[in-house]
Protein chains: 2
Amino acid sequence: MGKINNSRRDRKKPGAVKAAGPAAARGARMTDVARLAEVSIMTVSRALRQPAVVDPETLKRIHGAINATGYLPNRIAGSLASQRSNIVGLVVPSLRNSLFAETVKGVADTLGANFDLMIADSGYVLDGEETAVAAFLSQRVCGIVLHNTKHTPRTRRMIQSAGIPCVETGNLVRRPIDMVASFSNHKAAFEMTAFLVGKGYRRIAFVSLPLRDNDRARERQAGYLQALKQFGLPVDRRIVLESMPGLRGGAGALIELMKVRPKIEAVFLTGDVLATGALLEANRNDWRVPDTIAIAGSDDNELQECVSPALTSLRFPRYDIGCTAASMLLNRIGGNLPPAQIVDLGFQIIPRQST
Amino acid sequence: MGKINNSRRDRKKPGAVKAAGPAAARGARMTDVARLAEVSIMTVSRALRQPAVVDPETLKRIHGAINATGYLPNRIAGSLASQRSNIVGLVVPSLRNSLFAETVKGVADTLGANFDLMIADSGYVLDGEETAVAAFLSQRVCGIVLHNTKHTPRTRRMIQSAGIPCVETGNLVRRPIDMVASFSNHKAAFEMTAFLVGKGYRRIAFVSLPLRDNDRARERQAGYLQALKQFGLPVDRRIVLESMPGLRGGAGALIELMKVRPKIEAVFLTGDVLATGALLEANRNDWRVPDTIAIAGSDDNELQECVSPALTSLRFPRYDIGCTAASMLLNRIGGNLPPAQIVDLGFQIIPRQST
DNA sequence: TTGAAAGCGATACCAG
DNA sequence: CTGGTATCGCTTTCAA
């Protein structure tokens, strides 16, 4: 005897003892639980993952031992042994932006308690996304959700050769890395422009976030331009703007647009809180909305509904997109064939007083 | 020969072949890189973690092999072997609320590329937090950040016996599980109330989120009450409200408060977007702010600054709190003693036109 | 500067 | 229903 009890925790590192403190007490292992419950480690493992197969009496002893030891399964070991993890990785352009929070929430809710979520932001930069994806792949995530739909070649390659499911959510791309759950930004912008035309506005300005590395903004601008073309309206490049995000971005854009002659009749601001910023600016200047200037926005939220006048806006099903994305991942992970590679969740135009 | 090359990927599971598809191609392992670079696996391992120790020529060959194989280190295996992970776990009350996003961003920015972030929400429920913490501990995170500062006994126990660093960020508690980086909600509410009293307001209402399981809201209400007491003002329970979150919550609270007689002169709404909701409601009803009713808020943001009249508010250093929390974690993980167990990042009163 | 051998703590497979 | 044994892919330790 003696040697027999020489488990890991009895050993001492020869080198620095480090600031041991409370950290010295490492958690119990499955072995400890097994010993206490007087079963083999395999039975403990089963008790945790397929309790139905284990004798109820045995099960009870094991649970007793688990409680007594405060045992928490070591998923690192579990994942290594089983060659699969329960971590889903999520990359959004910005952690700050509450738009993405909706999708994140949808993913988290749908994944439930059996999966964990790893999150990173790309900073709206393709290389940022690549870095995040590489990190996730190193953690051997079992699935990936990307908001952006434009990627570096290496990002695509890495994900594809990792062979894990991936859902893109930012735009309804035709050729996704793997799957996509989203709506058509192009169509949404087209429809909103058409809506404004239908209301009788002819000189309609357009404001989006910077197009660089942002396929959503790009698609929306294209949708706007196509609508103008289709309705035989001329394009005036002076009233097609890219703006910094934030309320001030929208406010600044509106100020600039109001200087242009001939005067614009309406403006469609899409992205972030641009439209709200513009509306508040209009109020500050006593520009009557919609008489002097009509304003339409996108990414409808409670705020757009509560300002005066309430904003006409596009509603995107961000939460549902997150739920759907997670379901698609789960389906694939479960080994089922994907129900669909490309899921269009659509969008709605919410007409209010601002147009 | 033959047997010698019989590596894992040559074997076939006897059972179901599963929907192999692209997933069949599993990534390269360190062994593959080693073989290609004609070095031992140990040298590859070193090349990755302490390149300075490896011969430059060898290093070059190894990097060549890494690129050729598309090797991505398997952190699961690495973590198991080294008994430490590079994952930090973060629990916020709600993933939707952009308040918390600031802190999350601060943590993410400070952790940098060497750590990954796992996020979960507690749904404002203590048991939700416990579940999330248990999951994180199972993943063997190397540190935890909790927004909430009230916890179930088991949550505290689990974290403490896991012996990993933990920072709480929601309130400057006296007795944290481990460390805290925050500001005093009590003091903040006290000061804002005092500010209103200083402005000459006497009948001051107070609105917060529901107190249940929410220590921040509780502390703020206590701060408000203490201020009234200190300035010799009477407490009228009819004007101390708990409100649902959201703009509508704030709007509803204001409507209710405006019915109370004698009329209130000012209201301090703290939490979520309550104050903004109240202000917008006042505007809709043409209640003059601040003449008819003064409004003060908390959690200052761009919106509160851009509405008319701009809102007097409390500014909390949420981003800095995230940065500080991450630094504290990093310090501990690095083996350094913590610079401080309790860090007060303070707050500011931002006076504007609404009071 | 490099390598061999022994784990890390679980799971999978097969046998009993 | 239960247990033995061989991994999983990497790091640690020790020796060369």
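By convention in this document, chain letters (A, B, ...) are assigned in the order of the sequence lines, proteins followed by strands, and residues within each chain are numbered from 1. Quick note: numbers below take in every heavy atom, side chains included, and nothing from hydrogens, waters or symmetry partners.
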Exercise for the section: Apply side-chain contact (heavy atoms from CB on, under 4.5 Å) to B/Ala108 and list each qualifying residue two or more places apart in sequence or on a separate chain. Expected result: A/Leu95, B/Leu117
Practice task
Taking only the side-chain heavy atoms of A/Arg29 (C-beta and beyond), determine which of C/dC8, C/dA10, D/dC10 contains the nearest atom.
Solution key: C/dA10
Practice task
Determine yes or no for a side-chain-to-main-chain donor-acceptor pair under 3.5 angstrom, with A/Gln160 supplying the side chain and A/Ile177 the backbone.
Solution key: yes
Pairs under 3.5 angstrom only: tabulate donor-acceptor contacts from the side chains of residues 66-78 of chain A to other protein residues two or more places apart or in another chain.
from, atom 1, to, atom 2, distance (Å)
A/Asn67, ND2, A/His63, O, 3.3
A/Thr69, OG1, A/Ala65, O, 2.8
A/Thr69, OG1, A/Ile66, O, 3.2
A/Thr69, OG1, A/Tyr71, N, 3.3
A/Asn74, OD1, A/Ile76, N, 2.8
A/Asn74, OD1, A/Ala77, N, 3.1

Distance-only donor-acceptor hits, side chain of residues 122-129 of chain A, under 3.5 Å, sequence neighbours excluded:
from, atom 1, to, atom 2, distance (Å)
A/Ser122, OG, A/Tyr124, N, 3.2
A/Glu129, OE1, A/His151, ND1, 2.5
A/Glu129, OE2, A/His151, ND1, 3.4

Fill in the blank from the handout: Taken in chain and number order and not counting sequence neighbours, the residues that satisfy side-chain contact (heavy atoms from CB on, under 4.5 Å) with A/Arg96 are A/Ser94, B/Glu102, B/Lys105, B/Tyr319
Practice task
Consider the side chain of A/Ile41, meaning its heavy atoms from C-beta on, and name the nucleotide among D/dT12, C/dG9, C/dT11 that approaches it most closely.
Solution key: C/dT11
Handout entry: Contact list for DNA chain D against residues 46-62 of chain A - heavy-atom distance below 4.0 Å
Key = A/Arg46, A/Val53, A/Val54, A/Asp55, A/Thr58
Handout entry: Set of residues satisfying salt bridge (Lys or Arg N to Asp or Glu O under 4.0 Å) with respect to A/Arg332, sequence neighbours excluded
Key = A/Asp178
Practice task
Report the residue (B/Leu80 or B/Thr43) whose heavy-atom-nearest nucleotide on DNA chain C is the more 5′ of the two.
Solution key: B/Thr43
Practice task
Check the distance between D/dC8's C1' and B/Asp32's CG and give it to me in whole angstrom.
Solution key: 14 Å
Problem - Length of the CD-C1' vector between B/Gln139 and C/dA10, whole Å - result: 13 Å
Problem - By salt bridge (Lys or Arg N to Asp or Glu O under 4.0 Å) - contacts of A/Arg154 (at least two apart) - result: A/Glu130
Problem - Under-4.0 Å side-chain N/O to phosphate OP1/OP2 contact, A/Ser82 with C/dT11 - result: no
Handout entry: Integer-rounded Å distance: D/dT11 C1' and B/Asn86 CG
Key = 14 Å
Practice task
Nearest whole angstrom, please: distance from the P of C/dA12 to the CD of A/Gln83.
Solution key: 10 Å
Practice task
From the options C/dA4, C/dA10, C/dG7, select the nucleotide whose nearest atom is closest to the side chain of B/Ala81.
Solution key: C/dG7
Exercise for the section: For A/Phe100, enumerate each residue passing the ring-ring contact (aromatic ring centres under 6.0 Å, His included) test, keeping only those at least two apart in sequence or located in another chain. Expected result: A/His147
Practice task
Indicate whether any N or O donor in one side chain lies under 3.5 Å from an N or O acceptor in the other, for B/Ser327 and B/Thr324.
Solution key: no
Exercise for the section: Specify the residues of residues 65-76 of chain A, ordered by number, for which at least one heavy atom lies under 4.0 angstrom from an atom of DNA chain C. Expected result: A/Tyr71, A/Asn74
Problem - Rounded interatomic separation in angstrom, taking CE from B/Met42 and C1' from C/dT2 - result: 9 Å
